[in-house]
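A, B, ... follow the sequence lines: proteins, then strands. Residue 1 opens every chain.
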Protein chains: 2
Amino acid sequence: MSVVPRQTTNAPGDPAAAAPERKLTARGRERRSQLIDYATKRFADDGFHPTSVADIVDGIGVGKGVFYWYFSSKEELFTEILRTAQTDLRRTQRKAIGGIDDPVRRIEEGIRAGALWMANNPDLRRLFEFARTDESFVKAIRIGQRRHVADAVEHLQAAIDAGLIPDRDPVALAHGILGVTNQLTMTYLDGAGGGATKRSAEEVADLVVSICRNGFAGE
Amino acid sequence: MSVVPRQTTNAPGDPAAAAPERKLTARGRERRSQLIDYATKRFADDGFHPTSVADIVDGIGVGKGVFYWYFSSKEELFTEILRTAQTDLRRTQRKAIGGIDDPVRRIEEGIRAGALWMANNPDLRRLFEFARTDESFVKAIRIGQRRHVADAVEHLQAAIDAGLIPDRDPVALAHGILGVTNQLTMTYLDGAGGGATKRSAEEVADLVVSICRNGFAGE
DNA sequence: GGCGGCCTTGACCATCCGGTCAAGTTCGTG
DNA sequence: CACGAACTTGACCGGATGGTCAAGGCCGCC
């Protein structure tokens with residue numbers, strides 16, 4: 001008969017786009033992640049804008065209302081995907097450098113873990129890449145990127161303080177590392193790198209570490 | 001009265017999307033570049049998909065037919081913008097390393113010129129960035145990127161052969177340089193870099209060169 | 001076994017989108 | 001001044017698109 005009111009009041013200060021925040025049963029949680037998984041693939045394959053809500057629900061074989069039961073908008077879904085992915089990437093990197101003391105090795109293993117994550121999650125990598133170019137999502141992605149850079153800067157600064165690497169702007173270095181990782185994983189692991197042979201994820205990760213460490217002239 | 005037939009036959013072998021290829025008067029050429037300029041700005045500010053043809057013609061204050069007089073589709077316009085920009089970037093870099101003999105300095109000045117171009121053409125840089133993420137345009141951008149990488153590889157290989165830099169995969173290095181350039185120009189020159197102070201184009205160019213040359217550990 | 005909340009349906013809506021086209025205007029040339 | 005080609009107009013079209021909602025089915029719990 002009656003339907004639960006659609007508009008969940010946002011926590012004040014949260015400017016726009018909030019999740020419906022419903023009580024979900026096991027079945028509901030499963031449906032929700034099914035939507036997320038399928039949408040991730042479609043967004044990565046066809047792009048965010050060209051993928052319609054109808055495409056997503058039709059692909060799963062459910063009615064359109066299902067989508068809006070779990071997400072308040074297409075944008076909200078996408079933001080949710082981004083947030084989850086950024087959290088996962090960060091956790092992966094933290095875990096990878098867990099037991100390591102030497103700052104330089106922490107940096108290197110962090111880079112390697114980042115590159116491997118990109119290699120193992122090509123869809124999410126593509127979504128990051130797109131999100132940076134779309135005004136509606138830059139903000140969301142900047143939050144995670146800032147954290148990401150801050151993590152790297154911490155270790156770079158430690159290495160500088162210990163006299164293990166030259167004293168250069170660690171923030172710029174961190175961004176440089178990010179740029180190399182993105183570009184090389186894209187080139188060698190996504191479809192058709194520009195005149196480059198295919199390589200395994202590990203080879204690419206080693207390549208990324210080597211280039212970040214030495215540049216073209218170093219050593 | 002009668003209207004010139006709309007569909008210009010493509011040069012055979014050209015798969016899709018070709019320009020109308022009309023005879024343009026001075027007035028026509030001006031209108032055409034007005035459309036290109038305005039569309040570039042809108043695409044860069046609002047994104048390709050969110051910007052409609054109606055937005056473009058309304059922004060200029062002309063009828064919709066004007067657009068389709070000069071371009072056969074929105075996609076064709078965008079591809080044209082990309083192609084022109086890539087050509088311009090390449091020419092700028094070639095010119096910058098014109099009179100230089102030392103391979104290492106050629107590399108460095110090429111990098112600097114690339115970074116400066118990105119800094120001076122933020123709209124076009126954003127369009128590149130987006131085009132890499134959209135299936136319809138990857139192909140177009142790959143062509144230019146391949147050329148771009150090939151240019152860099154040539155100089156890197158020369159430097160390796162002359163024993164001026166260590167013998168490492170020049171293709172990977174070229175992509176690394178590209179990644180650093182994109183990331184740093186975006187961070188420091190576009191809106192709101194992640195917790196980073198604003199810098200001049202020249203400072204950023206120097207930063208890019210330094211990082212590409214030495215990595216985080218080099219020298 | 002029935003009640004109430006979670007979940008699903010799919011027709012429907014207002015709007016917008018890329019693209020077409022018949023008709024009209026501008027302008028250089030002969 | 002006349003003619004034809006270059007250019008412009010703006011109503012119009014078929015088909016999305018994101019999002020809504022009244023209605024009904026499912027299911028766990030008392």
Discussion item. Tell me the interatomic distance from A:Leu24, atom CG, to C:dT8, atom P, rounded to whole angstroms.
Written reply: 10 Å
Worksheet entry | Atom pair distance, as rounded to whole Å: CG in A:Asp58 and P in C:dG10 | 11 Å
Discussion item. Mind checking if A:Tyr70 touches a base, just sugar-phosphate, or nothing, with heavy atoms under 4.0 Å?
Written reply: sugar-phosphate
Fill in: Interatomic distance where NZ belongs to B:Lys64 and C1' belongs to C:dA22 [whole Å]
16 Å
Fill in: Comparing B:Val53 and A:Arg29 on DNA chain C - which has the more 5′ nearest nucleotide
A:Arg29
Discussion item. Would you say B:Trp69 places a side-chain N or O within less than 4.0 Å of OP1 or OP2 belonging to D:dT8?
Written reply: no
Item to complete: Please work out if B:Lys74 contacts a base, only the sugar-phosphate, or nothing of the nucleic acid, heavy-atom cut-off 4.0 Å.
Response: sugar-phosphate
Worksheet item: What's the OH-C1' distance between A:Tyr68 and D:dA22, to the nearest Å?
Response: 18 Å
Practice prompt. Drop me the distance from A:Thr133's OG1 to B:Arg125's CZ, to the nearest 0.5 angstrom.
Written response: 10.0 Å
Item to complete: Take B:His49 and A:Gly61, find for each the nucleotide of DNA chain C with the closest heavy atom, and name the residue whose nucleotide sits nearer the 5' end.
Response: A:Gly61
Practice prompt. Would you mind reading off the distance between B:Phe67 atom CZ and D:dT9 atom P, rounded to a whole angstrom?
Written response: 15 Å
Discussion item. So for A:Lys23 and C:dG5, does any side-chain atom that can act as donor or acceptor lie under 3.5 Å from a complementary atom in the base?
Written reply: no
Item to complete: Check whether any side-chain N or O of B:Thr25 sits under 4.0 Å from OP1 or OP2 of C:dC27, and answer yes or no.
Response: no
Discussion item. I need the CD1-C1' distance between A:Ile60 and C:dT8, as an integer number of Å.
Written reply: 13 Å
Discussion item. Within the supplied structure, the quantity of interest is the number of heavy atoms (other residues, nucleotides, ligands) at a distance under 6.0 Å from A:Gln34 CD; does it exceed 12?
Written reply: yes
Discussion item. For a 4.5 angstrom cut-off between non-hydrogen side-chain atoms, does B:Val208 reach B:Arg112?
Written reply: no
Worksheet entry | Rounded distance (Å) that lies between atom C1' of D:dA6 and atom CD of B:Glu30 | 15 Å
Discussion item. Just checking B:Phe137 against B:Phe48, ring centres under 6.0 Å apart?
Written reply: yes
Worksheet item: Taking atom types as modelled, is there a side-chain donor on B:Asp134 or B:His49 under 3.5 Å from an acceptor on the other?
Response: yes
Discussion item. Tell me whether the side-chain N/O atoms of A:Ser52 come closer than 4.0 Å to OP1 or OP2 in D:dT17.
Written reply: yes
Practice prompt. For A:Arg27 and for B:Val62, locate the closest nucleotide of DNA chain D by heavy-atom distance; then report the residue assigned to the nucleotide nearer the 5' terminus.
Written response: B:Val62
